Structures are given as C-alpha cells and as structure tokens.
**Student:** 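Here's a structure for you.
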Amino acid sequence: MILPIVAYGDPVLKRKADEIDSSYPDLQLLIDNMFETMYQAAGVGLAAPQIGKSIRLFVVDGSPFAEKEEDEEDDPLAEGIDGFKKVFINPVIMEETGEEWAFNEGCLSIPKIREDVYRKAKIRIQYFDENWQKHEEIFEGYKARIIQHEYDHIEGILFTDKLSPIRRKLISKKLANISKGIVSVDYKMKFPVAKKGR
Ligand code: NI
C-alpha cells in the first residue's frame, strides 16, 4: 500500500523518533509499504517520520543511483550501490570519520529543492534488520550518504537545517509553499498547512 509522504513543515519531521521493539504491530507490513511508497516516489531512502510515524526505522535502496551513474562506472563513491537494499531499525551511528564532502541532496518531503550538503565520508553504524538480527557495519560513499540523510530524519533533522543561513533564506519562500501544498509533485503527499479558499 502506498502511503502519503509528509511534507516539510509537519511537526513529525522535527521530532526525535522513538525506538521500537519486536512486538511493534505489523512491522513487516509497514516495511513493505515503506518500500512500495519509496519506489513509486523514485526515492533512494524513506524514514518512518516521513509517513507520519515517529519511530526509529528507515529503508534504503540505492539501485537508482547506480543507473544514474552508469557513465561513471569508475566512480568509487558508487561502489556497491546497485542492489544496496536494507532496513535499519533502532540504528545508532557510532562514528563518522573522514573528510566532509558536498553532495547535492534532495528529500521526498521537500520536493523540487536540491542543495549541496556537507557530510563526513565514512560511518560506523549499529542497527537491527527486519529479522531483528543485530549488525555493526562500516559504509562509505553514496551508501553512507543515504544512511546519514535518513538517520537525520529519525533525529528530527532535515537537510535544509544543514544549509547556510543565506541558502536557507533564499529557499524560504519555496519551503513555505511546500508546507501549503503549493508545489507540483507526482506522488501522494500530506501537507501540514491547509490551503486557503479550497
Ligand atoms: Ni529525506
């Protein structure tokens, strides 16, 4: 089932999400629905707060990145990105290392806006998968980048929070319009501010 994606301005996107345990009801169905929702919106990651649930869960599939990077097969940042499909439950980033690098990020909750965001190159993360197996892994390149962006969502942080005050000011009108639903988007969204006169 495709779920509506919560738009910029909804308080659920600003909340630090709660951990869950294995008794969480219908978890596998929720995960399936999140993948379906992410794929139809052509995203590479989706965090539970983006479908209105303030829990520490996100899904990723970096495969579309691989298609985009086809002509740059030697791009070391894209290594292993094809088929990089994972579920992260109760993740904890233990360490972020390496040099910060800029990447032009977007977000399904903030349609039609892309901005350069600086993040460190490498992360070490602990998490549970959908079978409640615990993992500790190191990720780099685009894999790390996708995880860092989604991890921010469960911390109540959006990529726009990481921009310089000048950049944020330049897009403030667009952001306000997104909250009101004044944006053209080809997937189902839930807008926090009611449109006047409708
Ligand atoms: Ni996002």
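Read the numbers this way: they start at 1 and go in the same order the structure lists the ligands and their atoms. Everything numeric here is computed off the predicted structure, so don't read it as measured data.
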**Student:** Tell me whether the rings of Y39 and F35 are parallel (<30°), tilted (30 to 60°) or perpendicular (>60°).
**Tutor:** parallel
**Student:** Does one side chain, of E96 or Q148, offer a donor that lies under 3.5 Å from an acceptor on the other?
**Tutor:** yes
**Student:** Take the Ni ion (ligand 1) and tell me which protein N, O or S atoms are nearer than 2.8 Å.
**Tutor:** C107 SG, H149 NE2, H153 NE2
**Student:** Quick one: salt bridge (Lys or Arg N to Asp or Glu O under 4.0 Å) partners of R167, sequence neighbours excluded?
**Tutor:** E115
**Student:** Quick one: side-chain hydrogen bond (donor to acceptor under 3.5 Å, both in side chains) partners of D18, sequence neighbours excluded?
**Tutor:** none
**Student:** Measure up the H135 and Y127 rings against each other and bin them: parallel (under 30°), tilted (30 to 60°), perpendicular (over 60°).
**Tutor:** parallel
**Student:** Excluding sequence neighbours, so at least two apart, what forms salt bridge (Lys or Arg N to Asp or Glu O under 4.0 Å) with D161?
**Tutor:** K14
